*Asks:* 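Supplied in structure tokens, the structure appears directly below.
Below, chains carry the letters A, B, ... as their sequence lines are ordered, and counting in each starts from 1. Here the structure is a predicted model, which means the values were calculated and not measured.
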Protein chains: 2
Amino acid sequence: MNDKSKKYRSHCPINFAQETFGDKWSLLIIRDLMFKDKKYYGEFLLSDEKISTNILADRLEKLETAGLISKAIDAENNSKKLYSLTQKGLDLMPMLIEMIAWAAKYDKESAAPKAFIKQFKKDREGLIHELLTRLKDTSK
Amino acid sequence: MNDKSKKYRSHCPINFAQETFGDKWSLLIIRDLMFKDKKYYGEFLLSDEKISTNILADRLEKLETAGLISKAIDAENNSKKLYSLTQKGLDLMPMLIEMIAWAAKYDKESAAPKAFIKQFKKDREGLIHELLTRLKDTSK
DNA sequence: CTGTATCCTTAGGGATACTG
DNA sequence: CAGTATCCCTAAGGATACAG
């Protein structure tokens with residue numbers, strides 16, 4: 001385990017994403033941090049999908065190692081750890097919103113905040129232009 | 001296996017997405033269809049990640065069942081099957097683009113993502129415009 | 001070439017008892 | 001409450017031989 005360098009199946013960006021948070025639980029933890037304002041271990045355990053304690057601990061560690069979340073001591077309670085998203089984690093938001101929008105369109109069952117998504121898409125046209133600009137830059 | 005109704009861990013849209021294409025391979029097949037113009041069984045086998053034949057067959061079937069891809073007989077060769085994305089599959093493009101953008105930002109170690117985006121941008125400028133148009137429509 | 005079928009291995013995950 | 005440590009099991013995946 002001293003070899004920190006992870007071996008990737010390929011250097012495709014989609015594969016990179018898949019290998020970073022493509023397991024069964026990581027994205028749900030990120031969701032809880034990003035959209036449900038959860039911060040504590042116990043709060044994650046309460047989510048509908050019922051993650052078990054060992055898996056949660058493992059995923060929190062992996063996500064921290066991957067640099068998507070960070071851990072701090074709760075100021076008001078030393079024995080509590082406070083989890084939060086890093087910038088790298090926060091930067092997953094556009095992708096998650098698109099994912100939610102897609103699911104909202106195709107999963108009638110899933111309760112997705114449609115008004116919220118609508119607003120997001122509107123706001124986010126600017127972001128796409130930004131992306132295009134970025135794409136143009138990187139292709140020079 | 002007669003029970004067609006899948007049981008979801010929850011009705012969260014992110015969980016829905018995760019359970020639909022959150023396995024190790026589905027997204028890579030979609031990538032090949034969407035960005036690499038692959039159409040045939042044999043072409044998928046050639047990708048860098050080296051999917052094995054049984055897994056590929058299984059994933060193609062599951063993706064078809066999920067309505068993300070469709071299968072047709074190749075007009076020029078009866079024994080060949082032609083795979084393509086459905087609208088439901090195509091609608092994953094905004095999400096995948098955000099995913100690629102994220103990976104491009106954080107997977108700096110390898111030059112490959114940039115190369116991928118370069119290639120992507122070159123091939124797909126038209127598609128991006130199309131996407132933008134579609135986004136404008138859906139955000140009304 | 002487009003898949004199936006089989007066999008086998010392993011990582012991932014569930015349950016739950018336990019610890020500071 | 002915030003995790004660890006075990007034990008166990010299954011689904012997922014790899015290799016490869018085979019079939020239409």
*Asks:* Out of D/dA2, D/dA17, D/dG14, which has the shortest distance to the side chain of A/Lys81?
*Replies:* D/dA2
*Asks:* With a 4.0 Å cut-off on heavy atoms, is B/Asp58 in touch with a base, just the backbone sugar-phosphate, or nothing at all?
*Replies:* nothing
*Asks:* Atom CD1 of A/Ile51 and atom C1' of D/dG3: how far apart are they, to the nearest Å?
*Replies:* 13 Å
*Asks:* D/dT4 phosphate, OP1 or OP2: any side-chain N/O from A/Tyr41 under 4.0 angstrom?
*Replies:* no
*Asks:* Should B/Asp23 and B/Arg59 count as an ion pair when the cut-off is N to O under 4.0 Å?
*Replies:* yes
*Asks:* Any donor-acceptor pair under 3.5 Å between the side chain of B/Asn54 and the base of D/dG14?
*Replies:* yes
*Asks:* Expressed in angstrom and rounded to an integer, what is the separation of A/Phe21 atom CZ from C/dG12 atom P?
*Replies:* 16 Å
*Asks:* In terms of side-chain heavy atoms of B/Trp25, which of D/dG14, D/dA2, C/dT16 is nearest?
*Replies:* D/dG14
*Asks:* Side chain of B/Thr53: nearest nucleotide among D/dT16, D/dA2, C/dG13?
*Replies:* D/dT16
*Asks:* Between A/Lys71 and A/Glu61, is there a salt bridge with N-O shorter than 4.0 Å?
*Replies:* no
*Asks:* If you pin A/Arg9 and A/Gly42 to their nearest nucleotides in DNA chain D, which one's is more 5'?
*Replies:* A/Gly42
*Asks:* I need the CD-P distance between A/Glu19 and D/dG13, as an integer number of Å.
*Replies:* 12 Å
*Asks:* Base, sugar-phosphate, or nothing: which does B/Lys24 touch, judged by heavy atoms less than 4.0 Å apart?
*Replies:* sugar-phosphate
*Asks:* Compare the minimum distances between each of C/dG13, D/dT16, D/dC1 and the side chain of A/Asp23, then state the nucleotide with the smallest one.
*Replies:* C/dG13
*Asks:* In terms of side-chain geometry, is the basic nitrogen of B/Asp48 or A/Arg9 positioned less than 4.0 Å from the acidic oxygen of its partner?
*Replies:* no
*Asks:* To the nearest angstrom, how far is B/Lys62 atom NZ from D/dG13 atom C1'?
*Replies:* 11 Å
*Asks:* Hey, is the main chain of B/Ala66 close enough, under 3.5 Å, to the side chain of B/Lys88 for a donor-acceptor pair?
*Replies:* yes
*Asks:* What is the separation between atom CG on B/Leu45 and atom P on D/dG14, rounded to the nearest whole Å?
*Replies:* 13 Å
*Asks:* Taking the six-membered ring of B/Tyr83 as reference, does the NZ or CZ atom of B/Lys38 fall below 6.0 Å from its centre and within a 45° cone about the axis?
*Replies:* no
*Asks:* Side chain of A/Ile55 only, please: which of C/dG13, C/dT4, D/dA5 is the nearest?
*Replies:* C/dG13
*Asks:* Provide, to the nearest angstrom, the distance between the CD atom belonging to B/Glu49 and the P atom belonging to D/dA15.
*Replies:* 14 Å
*Asks:* Could you tell me whether the phosphate oxygens of D/dG13, OP1 or OP2, come under 4.0 Å of any side-chain nitrogen or oxygen in B/Arg59?
*Replies:* yes
*Asks:* To the nearest Å, how far apart are A/Gln18 CD and C/dG12 P?
*Replies:* 11 Å
*Asks:* Base, sugar-phosphate alone, or nothing: which one does B/Phe44 contact when heavy atoms must sit under 4.0 Å apart?
*Replies:* nothing
*Asks:* Have a look at A/Lys50 and say if it touches a base, only the backbone sugar-phosphate, or nothing, with a 4.0 Å heavy-atom cut-off.
*Replies:* nothing
*Asks:* Starting at atom CG of A/Leu63, determine the distance to atom P of D/dG3, rounded to an integer number of angstrom.
*Replies:* 14 Å
*Asks:* Could you check whether any side-chain N or O of B/Tyr41 sits under 3.5 Å from a backbone N or O of B/Thr53, counting only pairs where one atom can act as donor and the other as acceptor?
*Replies:* yes
